[in-house]
Q: 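Pasting a structure below so you can have a look.
Within every chain, numbering begins at 1; the chains are lettered A, B, ... in the order of the sequence lines, protein sequences first and strands thereafter.
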Amino acid sequence: MSSARYRPDTPDKVFAIADCNNFYASCERVFRPELNDKPVVVLSNNDGCVIARSNEAKAIGIKMGAPYFQIERFAKQHGVAVLSSNYALYGDMSRRVMQILAGFAPRIEVYSIDECFFDLTGLKTDLTDYCLKICAVVKQWTGIPISIGIAPTKTLAKLANRLAKSGRFRQCPVLDWHTLDDTDAVLAETALNDLWGIAASWQSQLALLQIADALALKQADPKRLRQHFSVVMERIVHELRGLSCIDLEEIPSPRKQILTSRSFGEKLTGYDDLCAAVTYFATRSAEKCRQHRLAAQALTVFVETSPFDTRQPFYANSATFEFQLPTHDSAQLQRAAQRGLARIYHPGLSYRRAGVLLPELLPDHVAQLSLLSGERSNRSADLMQTLDAINQRYGKSSIRYAREILSQRWRMRQQFKSPSYTTNIRELLTIRI
DNA sequence: TCTGGGGTCCTAGGACCC
DNA sequence: TCTGGGGTCCTAGGACCC
């Protein structure tokens, strides 16, 4: 029984989660203070749809996930600042925030680019005051506003964080679940899909069981829900009751797969254009592999046309190669991707997206133990090390394979991208006096 | 014209083995 | 006439997260 992971007899735990407010929009504002108090949205890769909004943008009704072309006019009318996503900037700002949090709590789990769980169990101080101090320091040192939720389980901490942001109880970026007078009343007013782990499709299935809000879910029979759904739902019920089933994961488990894919800036029909794209994806995947000290046992390459295109039938296909020996050699992965593409490419179609997936990974030291790894593999390792060192020193893609640059037509649209202020010396912020 | 990218976990069902 | 049962492994698909 997998619910053995919760231990009701352990002393009460205290989880906190810090969440950066409107993270991508906030990062942009740090370097563009004139955007404070103005509506700001950040677009997905390829400037496709809205993936982050400032409070002002939310207030005028711009929805998460809205396709940009649908809101373009509206955004112009309302003076919305529109930005392409700038992951170099967000990743670096995230690292800074996490570093500060690590100074305040001995055990932290970086959960996503803008969220971090940490353990406050046993801390003998006022938890709200302590977390307010954390918020103040993060804001002062990075410019990023954060909110913190505190509770006996991760699920409740996520909810507390949400409530802190909503300002429903007090205008304060910190909310400690333990300080609420009537937590059941709060749960009764909480929609199911506001809970961590419950999305729309489960919400409607729960409704069929007469479970319509978070309190009803808390009071439902966990065993019965497990039969209807899975152990995941059973855990949520326990967590709502204050029994911690989901532990802090301080050490991230090794990656199980690596995916590099993109929608293209324009629809592609030519084989060479696609080949340049998948070659680049294979190279990037190989780099990620080496960065994580992993090696791939297989590679899948896939292409697809647009599901929104009414003029041609939707086509999606993939091809997979198994390697005799696990590898993270760029050239080898490229060859596999190119051979796979040749198998699934159909002339005459307009492709909108492609990608390379490494679905089975091994630690690279295991891979190196192979009896067959001899001189050839040493040369490959030396070459890759050299490539990585050059690109590290002189910037991404300073040195690349020729096939990658045969065509640039697949490159994403990034019409509104801000500079990489913190990660590229040539793009430092300039201040004129 | 224009709709993201990168992950994880769980389950069911089939293949296979003894 | 009557055709087992339990275990493991793998995969595809569906759900979730940010």
Side-chain angles (χ1 to χ4, degrees), chain A residues 2-3 5 17-20 22-24 41-52 63-73 75 82-87 90-91 94 109-117 154-155 158 161-162 192-206 225-236 245-246 249 252-267 281 284-285 288 292 297-298 300 302 304-311 314 318 320 322 350 352-361 412-416:
Chain A
S2 58
S3 49
R5 273 171 69 187
I17 182 162
D19 186 324
C20 301
N22 314 323
F23 182 54
Y24 298 168
V41 301
V42 178
L43 302 178
S44 62
N45 272 335
N46 219 26
D47 294 342
C49 52
V50 173
I51 55 166
K63 297 275 180 268
M64 189 69 171
Y68 175 59
F69 74 92
Q70 285 177 5
I71 61 149
E72 187 174 356
R73 267 182 57 183
V82 175
L83 292 147
S84 304
S85 37
N86 180 348
Y87 287 102
Y90 311 150
S94 169
E109 172 191 344
V110 176
Y111 176 64
S112 73
I113 195 165
D114 68 335
E115 286 172 282
C116 181
F117 284 105
K154 279 181 159 182
T155 303
K158 285 281 282 186
N161 184 288
R162 196 184 178 90
L192 287 168
N193 66 349
D194 285 346
L195 294 175
W196 187 41
I198 297 189
S201 79
W202 278 11
Q203 184 180 27
S204 50
Q205 287 186 61
L206 283 164
L225 287 185
R226 184 183 180 143
Q227 283 159 13
H228 277 279
F229 299 89
S230 74
V231 64
V232 176
M233 188 69 83
E234 185 187 19
R235 268 186 218 136
I236 293 174
C245 312
I246 308 170
E249 285 178 40
S253 43
R255 294 271 198 117
K256 299 192 167 102
Q257 58 176 52
I258 286 173
L259 172 66
T260 309
S261 74
R262 296 282 185 280
S263 292
F264 304 133
E266 56 180 295
K267 300 265 175 64
F281 301 150
R284 278 296 300 141
S285 301
K288 292 180 198 171
H292 292 276
Q297 296 177 275
T300 301
F302 62 88
E304 64 187 43
T305 62
S306 171
F308 302 102
D309 192 340
T310 49
R311 289 159 308 182
F314 178 64
S318 68
T320 299
E322 308 270 342
S350 293
R352 123 192 139 123
R353 181 168 171 263
V356 163
L357 173 68
L358 308 179
E360 296 162 33
L361 300 167
M412 299 184 287
R413 274 190 305 274
Q414 287 191 314
Q415 221 184 323
F416 319 106

Q: Starting at the 5' end of DNA chain B, which residue's closest nucleotide do you reach first, A/Leu357 or A/Ser230?
A: A/Leu357

Q: Could you report the tightest heavy-atom contact between A/Asp47 and A/Ser84, atom names first, then the distance?
A: OD1-OG, 2.7 Å

Q: Nearest to the side chain of A/Ser201 - B/dG4, B/dT11, C/dA15?
A: C/dA15

Q: Can you confirm whether A/Asn45 sits close enough to A/Ser263 that some side-chain heavy atom of one is under 4.5 Å from a side-chain heavy atom of the other?
A: no

Q: Any side-chain heavy atom of A/Asp19 sitting closer than 4.5 Å to one from A/Arg162?
A: no

Q: Quiz question: by atom type and distance under 3.5 Å, do the side chains of A/Ser285 and A/Thr260 form a donor-acceptor pair?
A: yes

Q: Just N and O in the side chain of A/Lys154: are any of them under 4.0 Å from OP1 or OP2 of C/dC17?
A: no

Q: Does A/Phe308 stack onto the base of B/dT3, taking stacking as ring centres under 5.5 Å apart and planes under 30° apart?
A: yes

Q: What is the distance, rounded to the nearest whole Å, between atom CZ of A/Arg235 and atom P of C/dC17?
A: 14 Å

Q: Rounding to the closest angstrom, what is the interatomic distance between B/dG4 and C/dC17 at atom C1'?
A: 15 Å

Q: Would you check if A/Val50 and A/Leu43 make a side-chain contact, meaning some heavy-atom pair closer than 4.5 Å?
A: yes

Q: Have a look at A/Glu115 and say if it touches a base, only the backbone sugar-phosphate, or nothing, with a 4.0 Å heavy-atom cut-off.
A: sugar-phosphate

Q: Nearest whole Å is fine: how far is B/dT11 C1' from A/Met233 CE?
A: 14 Å

Q: Give one of base, sugar-phosphate or nothing for A/Asp114, where a contact means two heavy atoms less than 4.0 Å apart.
A: sugar-phosphate

Q: Within the structure shown, what part of the strands sits under 4.0 Å from A/Ile113 by heavy-atom distance: base, sugar-phosphate, or nothing?
A: nothing

Q: Check every strand shown and say whether A/Leu43 touches a base, only sugar-phosphate, or nothing at a heavy-atom separation below 4.0 Å.
A: nothing

Q: Base, sugar-phosphate, or nothing for A/Thr260, non-hydrogen atoms under 4.0 angstrom?
A: sugar-phosphate

Q: With nearest nucleotides of DNA chain B determined for A/Ser263 and A/Phe229 from heavy-atom distances, which residue corresponds to the more 5′ nucleotide?
A: A/Ser263

Q: From the set B/dG7, B/dT3, B/dC10, return the single nucleotide nearest to any side-chain atom of A/Phe69.
A: B/dT3

Q: Measure NZ/A/Lys63 against C1'/B/dT3 and give the value in whole Å, please.
A: 17 Å

Q: Using a cut-off of 4.0 Å on non-hydrogen atoms, how would the nucleic acid contact of A/Tyr68 be classed: base, sugar-phosphate, or nothing?
A: nothing

Q: What integer distance in Å separates A/Phe117:CZ from C/dC17:P?
A: 12 Å

Q: Please name the nucleotide paired to B/dC18 by Watson-Crick or G-U wobble geometry with both distances under 3.5 Å, or report none.
A: C/dG5

